[in-house]
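Some notes on the structure that comes next.
Everything numeric here is computed off the predicted structure, so don't read it as measured data. Numbering of ligands and ligand atoms starts at 1, following listing order.
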Amino acid sequence: TYVIAEPCVDVLDKGCIEECPVDCIYEGGRMLYIHPDECVDCGACEPVCPVEAIYYEDDVPEEWAAYTQANVDFFEDL
Ligand code: SF4
């Protein structure tokens, strides 16, 4: 799955939402989140993000590692 990390906070460009073929990117408070079970790993969202907030799960930078779980937790709390 792909993960949205800290650069999205208070930016919410939403260009990624337009690109996602399965509509699995959701707005939640100060950032956007990718539903880990709905994402089909197509990668279409990653290059359109103007702040480089989107990463494949294995490529999330160390300092934002917690965002991988944050994307999971967001949907469990709904
Ligand atoms: Fe949507 Fe593809 Fe991005 Fe997953 S990788 S969130 S399916 S655009």
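In terms of protein heavy-atom proximity, atom 5 (S) of ligand 1 is nearest to Gly43 N, 3.1 Å.
Protein contacts to atom 1 (Fe) of ligand 1 involving N, O or S atoms at a distance below 2.8 Å are Cys20 SG.
For the 3.5 Å distance criterion, the side chains of Glu57 and Tyr2 fail to qualify, holding no donor opposite an acceptor.
A pairwise comparison of heavy atoms in Pro36 and Val72 identifies CG-CG2, 3.9 Å as the closest pair. Across all non-hydrogen atoms, the minimal contact from Ile34 to Asn71 is N-OD1, 3.0 Å. The two residues Cys8 and Leu32 have their closest heavy-atom pair at SG-N, 3.4 Å.
Applying the side-chain contact (heavy atoms from CB on, under 4.5 Å) criterion to Pro47, with sequence neighbours excluded, gives no partner residue.
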Yes or no on ring-ring contact (aromatic ring centres under 6.0 Å, His included) for Tyr26 and Tyr33, after CA distance, side-chain angles and deciding distance? CA-CA 5 Å; Tyr26 300 84; Tyr33 296 94; 9.6 Å; no
